[in-house]
Trainee: 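I'd like to ask you about the structure that follows.
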Amino acid sequence: MTTTNTHVTGSARLNFAKAAPKVFRALIGFDAAAREGLDPALVELIQIRASHLNRCAYCLHMHTNDARKAGETEDRLHMVPVWREARHFFTEQEQAALALTEAVTLVADGGVPDEVYAQAAAHFDEQELAHVLSLILAINTWNRVALSTAKVAGTDERR
C-alpha cells in the first residue's frame with residue numbers, strides 16, 4: 001500500500017486521490033459545479049465555516065489562504081467563527097449562507113430549521129440556493145476525506 005499522508009502520531013494513511021482516482025475526480029467535478037455562479041468570497045466563507053465546525057485544520061488552512069489570495073480581509077476571516085456576534089462584517093446574504101452552512105453541517109443536531117432555509121431562500125434564487133447547498137455538501141465531504149485520511153494542515157497538494 002502506497003501512502004503519503006502521515007498523521008501527527010506518525011501513522012500512515014491512504015492517499016485517497018491515488019487509491020480512488022475516479023471518486024476523487026468526481027468530487028473535484030462536483031465541487032467545481034457547485035461553485036458555478038457563486039461569488040468567490042461567499043464560496044470561501046462557506047468552506048471556512050464548515051471547516052471550523054468539522055474541525056478540519058487541513059481545509060481551514062487551505063480555504064483561509066484561498067480567501068486571502070482572493071482579497072478577503074483578515075478582520076472578516078477572524079470573525080467567521082463568531083459571525084452571529086459580528087454581523088456587521090457580513091452582508092445579509094452571507095449571514096444567510098453561514099446559517100445554512102451551520103444547519104447542514106450540523107444536520108444531526110436538529111435538521112435544517114425552516115427559518116434558516118427560508119432566510120437562505122430569501123437571499124438566493126432557486127439555482128443559487130441549489131449551488132450553495134451543493135457547495136456545503138461538497139466541503140463537508142472534503143472535510144471528511146481530509147479528517148479520515150489525516151491530512152496535515154499546511155500541506156496543500158494543489159500547489
Trainee: Do NZ/NE/NH1/NH2 and the carboxylate oxygens of R87 and E92 come within less than 4.0 Å?
Mentor: no

Trainee: Roughly how far apart are L53 CG and N140 CG, rounded to 0.5 Å?
Mentor: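 One gets 8.5 Å once the value is rounded to the nearest 0.5 Å.
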
Trainee: Taking all atoms of both residues into account, what is the closest heavy-atom pair of F16 and T149, and its distance?
Mentor: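 In terms of heavy atoms, the two residues are closest at CB-CG2, 4.2 Å.
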
Trainee: Report the distance from atom CG of N143 to atom CZ of R55, rounding to the nearest 0.5 Å.
Mentor: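 Spacing of CG (N143) from CZ (R55) equals 12.5 Å.
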
Trainee: Q93 side chain to H123 main-chain N or O, any donor-acceptor pair under 3.5 Å?
Mentor: yes

Trainee: Report yes if some heavy atom in the side chain of H52 is under 4.5 Å from a heavy atom in the side chain of R49; otherwise report no.
Mentor: yes

Trainee: Checking L98 against I46 for the side-chain contact (heavy atoms from CB on, under 4.5 Å) test, could you report, in this order, the C-alpha distance in whole Å, the side-chain angles of both residues, the deciding distance, and whether it holds?
Mentor: CA-CA 6 Å; L98 289 167; I46 289 168; 5.5 Å; no

Trainee: So, for S148 and R13, which heavy atoms are closest and what is the spacing to 0.1 Å?
Mentor: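 Closest heavy-atom pair between S148 and R13: O-NH1, 3.0 Å.
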
Trainee: Side chains of L45 and W83: closer than 4.5 Å at any heavy-atom pair?
Mentor: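 L45 does not reach W83 side chain to side chain.
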
Trainee: In Å, rounded to the nearest 0.5 Å, how long is the span from OG1 of T64 to NE2 of H78?
Mentor: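 Rounded to the nearest 0.5 Å, the OG1-NE2 separation comes to 9.5 Å.
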
Trainee: May I ask you to decide if F90's main-chain N or O and Q95's side chain share a donor-acceptor pair within less than 3.5 Å?
Mentor: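 Between the backbone of F90 and the side chain of Q95 there is a qualifying donor-acceptor contact (under 3.5 Å).
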
Trainee: Can you confirm whether the side chains of Q47 and H63 place a donor and an acceptor under 3.5 Å from each other?
Mentor: yes

Trainee: Atom NE2 in H131, atom CG in D125: separation rounded to 0.5 Å?
Mentor: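 Result: 9.0 Å between the selected atoms.
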
Trainee: If we only count heavy atoms from C-beta on, is the F124 to L42 side-chain gap below 4.5 Å?
Mentor: yes

Trainee: Assess whether atom CD of E126 is packed by more than 12 heavy atoms of other residues, nucleotides or ligands within 6.0 Å.
Mentor: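 Counting neighbours around CD of E126, 12 or fewer heavy atoms of other residues, nucleotides or ligands fall under 6.0 Å, so no.
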
Trainee: Which atom pair, heavy atoms only, marks the closest approach of L135 to V43?
Mentor: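 Nearest heavy atoms, L135 then V43: CD2-CA, 3.6 Å.
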
Trainee: Taking CD in Q127 as the centre, count heavy atoms belonging to other residues, nucleotides or ligands within less than 6.0 Å. Is the count above 12?
Mentor: no

Trainee: Do you know the tightest heavy-atom contact between I48 and A67?
Mentor: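 For I48 and A67, the tightest heavy-atom pair comes out as CD1-CB, 4.0 Å.
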
Trainee: Write down the atom of A57, the atom of A153, and the distance for their closest heavy-atom approach.
Mentor: O-CB, 3.6 Å

Trainee: Donor-acceptor pair, distance only, cut-off 3.5 Å: does the side chain of N54 make one with the backbone of C56?
Mentor: no

Trainee: Within the 4.5 Å heavy-atom criterion, are L77 and F89 side-chain neighbours or not?
Mentor: no

Trainee: If you measure from CD1 on I139 to CZ on R144, what distance do you get to the nearest 0.5 Å?
Mentor: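 Answer for the CD1-CZ pair, I139 versus R144, is 10.0 Å.
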
Trainee: Check whether more than 12 heavy atoms from other residues, nucleotides or ligands sit under 6.0 Å from atom OH of Y117, and answer yes or no.
Mentor: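 Incorrect, the count does not exceed 12.
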
Trainee: Short question: side chain of E102, backbone of A99 - any donor-acceptor pair under 3.5 Å?
Mentor: no

Trainee: Is it true that L137 and L106 fall in one hydrophobic cluster, defined by side-chain heavy atoms closer than 4.5 Å?
Mentor: no

Trainee: Measure the CG-CD distance between L38 and E36 for me, rounded to the nearest 0.5 Å.
Mentor: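 That separation rounds to 9.5 Å.
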
Trainee: I'd like to check R76 versus E94 (side-chain heavy atoms, cut-off strictly below 4.5 Å). Are they in contact?
Mentor: yes

Trainee: What are the two closest non-hydrogen atoms of W142 and I28, and how far apart are they?
Mentor: CZ2-N, 3.8 Å

